[in-house]
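In what follows, a structure is listed as structure tokens, so that the remarks can point back to it.
These figures come from a predicted structure and were not determined experimentally.
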Amino acid sequence: MHKTKQETVLHVRETTTLMPFLLSKMGGMSRTSVKNMLSRRVVRVNGRIETRPDTPLTTGNEVTIMPERGTHTLSHPKLRIVYEDDHIIVVEKREGLLTVAAHPGSSETTALSILKDYVKKADKRNGVFVVHRLDRETSGLLVFAKSRELQEYMRIYWRQLVTERTYVAIVEGEMPEPEGTIRTWLSEDPKSTMVYSSPVDDGGKESVTHYKRLRTNGRYSLLELHLETGRTNQIRVHMASVGHPVISDRKYGSGQKPPIDRLGLHARVLAFIHPATEQTVRFETPVPRDFLQVFRR
């Protein structure tokens with residue numbers, strides 16, 4: 001699924017009909033909401049307006065949802081809405097943007113402050129709440145809740161709700177194995193905010209990262225990384241612990257002059273059980289272009 005300022009495009013991957021397809025893809029929408037949307041003639045299948053909920057769909061069909069007049073949109077160079085319903089907002093954050101302010105009362109623009117302004121344009125009573133975070137210099141997918149109750153639920157059960165978290169990273173050097181697993185125990189120093197890795201249980205939190213080498217040019221490797229656990233700075237610490245730090249990661253030991261002017265880490269795929277519908281929703285973004293350019297030189 002992808003969304004532009006003009007429209008949302010959904011791809012059909014198995015034979016079904018329009019109503020169950022939209023219910024599965026549009027998250028928290030009820031059957032009544034879907035019927036109302038169809039009656040407003042904003043749903044197209046392969047370019048043709050469809051209003052019947054039993055319209056048949058086959059693999060390869062493209063379902064497009066057109067914006068309605070008066071609908072406000074988010075336009076910001078550092079933040080893009082990937083998906084939104086009555087309960088959650090999924091966004092793609094650019095590098096350089098904090099998820100939430102580092103200190104109370106800070107006036108710095110963050111993903112949270114941008115989304116608060118966005119939802120209040122529709123109704124000043126609306127709110128948005130942080131579920132999880134990405135580091136300032138990490139780009140990629142984030143989900144926010146639209147109520148404190150959902151925020152609390154998703155935070156408590158985050159590990160059970162998430163079914164897939166995939167990152168891509170550029171690391172220094174050539175990974176010797178095409179794929180593997182890093183398992184260590186991580187501990188954070190609250191004063192320095194540094195996270196330390198131990199190969200044995202030293203009282204830290206057991207942390208597991210699976211990696212697959214996608215490309216290499218000898219100097220750098222492009223990796224796909226699946227998190228089995230989601231600890232603070234886990235990927236950055238794990239890659240440094242095996243001698244292949246993420247490029248531009250000064251905090252954890254990157255010493256080379258980086259080929260691109262940013263941290264080489266991007267949260268590419270996020271899948272989780274929707275807290276309202278209890279259906280699994282999956283979101284995917286492309287590998288950043290500047291990551292791929294490193295391996296074309």
Mind checking whether [X] and [Y] sit in one hydrophobic cluster, side chains of I, L, V, M, F, W, Y counted as touching below 4.5 Å?
X: Leu141; Y: Trp158; value: yes
X: Ile156; Y: Phe272; value: yes
X: Val294; Y: Leu214; value: yes
X: Val237; Y: Val246; value: no

*For Val208, the rest of its hydrophobic cluster, which grows through side-chain links under 4.5 angstrom*: none
*Any chance you could pull the hydrophobic cluster mates of Trp185, using side-chain heavy atoms under 4.5 angstrom and chaining through other members?*
none
*Does Lys251 pair with Asp249 as a salt bridge, N-O distance under 4.0 Å?*
no
Counting only heavy atoms from other residues, nucleotides and ligands, does the tally under 6.0 Å from [atom1] of [X] exceed 12?
X: Arg52; atom1: CZ; result: no
X: Lys78; atom1: NZ; result: yes
X: Glu152; atom1: CD; result: no
X: Gln160; atom1: CD; result: yes
X: Arg155; atom1: CZ; result: yes
X: Asp261; atom1: CG; result: no

*Pick one: which of Gln234, Arg159, His210 meets side chain to side chain contact (heavy atoms under 4.5 Å, CB included) with Glu228?*
His210
Between [Y] and [X], is there a side-chain heavy-atom distance shorter than 4.5 Å?
X: Phe144; Y: Phe129; result: no
X: Glu284; Y: Leu270; result: no
X: Val90; Y: Ile81; result: no
X: Glu206; Y: Asp201; result: no
X: Leu115; Y: Leu79; result: yes
X: Leu98; Y: Glu108; result: yes

*Criterion side chain to side chain contact (heavy atoms under 4.5 Å, CB included) on Tyr167 and Thr209, from CA distance to verdict*: CA-CA 10 Å; Tyr167 288 69; Thr209 303; over 6 Å; no
Quick check for you: to the nearest 0.5 Å, what is the distance between [X] atom [atom1] and [Y] atom [atom2]?
X: Tyr211; Y: Glu179; atom1: OH; atom2: CD; result: 8.5 Å
X: Glu137; Y: Glu95; atom1: CD; atom2: CD; result: 7.0 Å
X: Leu227; Y: Arg165; atom1: CG; atom2: CZ; result: 5.5 Å
X: Glu50; Y: Leu22; atom1: CD; atom2: CG; result: 11.0 Å
X: Ile88; Y: Gln151; atom1: CD1; atom2: CD; result: 14.0 Å
X: Ser197; Y: Leu186; atom1: OG; atom2: CG; result: 5.5 Å

*Do Phe283 and Tyr83 pass the ring pair (Phe, Tyr, Trp, His ring centres under 6.0 Å) test, and can you show the C-alpha distance, the side-chain angles, and the key distance before you say yes or no?*
CA-CA 8 Å; Phe283 306 96; Tyr83 173 82; 5.4 Å; yes
_Let's go through Glu172 and His244 carefully: what are the C-alpha distance in whole Å and the side-chain angles of both, what is the deciding distance for side chain to side chain contact (heavy atoms under 4.5 Å, CB included) to 0.1 Å, and is it a yes or a no?_
CA-CA 5 Å; Glu172 294 181 359; His244 297 277; 5.6 Å; no
*Can Leu292 and Leu222 be said to form a side chain to side chain contact (heavy atoms under 4.5 Å, CB included), step by step?*
CA-CA 8 Å; Leu292 297 175; Leu222 178 65; 4.1 Å; yes
*Could you go step by step and tell me if His11 and Asn61 meet the side chain to side chain donor-acceptor pair (under 3.5 Å) rule?*
CA-CA 6 Å; His11 299 284; Asn61 285 168; over 6 Å; no
Between the side chain of [X] and the main-chain N/O of [Y], is any donor-acceptor distance below 3.5 Å?
X: Lys205; Y: Thr229; value: no
X: Ser221; Y: Thr216; value: no
X: Asn217; Y: Tyr220; value: yes

Is there a donor-acceptor contact under 3.5 Å linking the side chains of [X] and [Y]?
X: Ser139; Y: Arg262; result: yes
X: His238; Y: Asn233; result: no
X: His266; Y: Thr285; result: yes

*Evaluate the criterion side chain to side chain contact (heavy atoms under 4.5 Å, CB included) for residue pair Ile260 and Ile247; output intermediate values, then yes/no.*
CA-CA 8 Å; Ile260 55 177; Ile247 61 169; 3.7 Å; yes
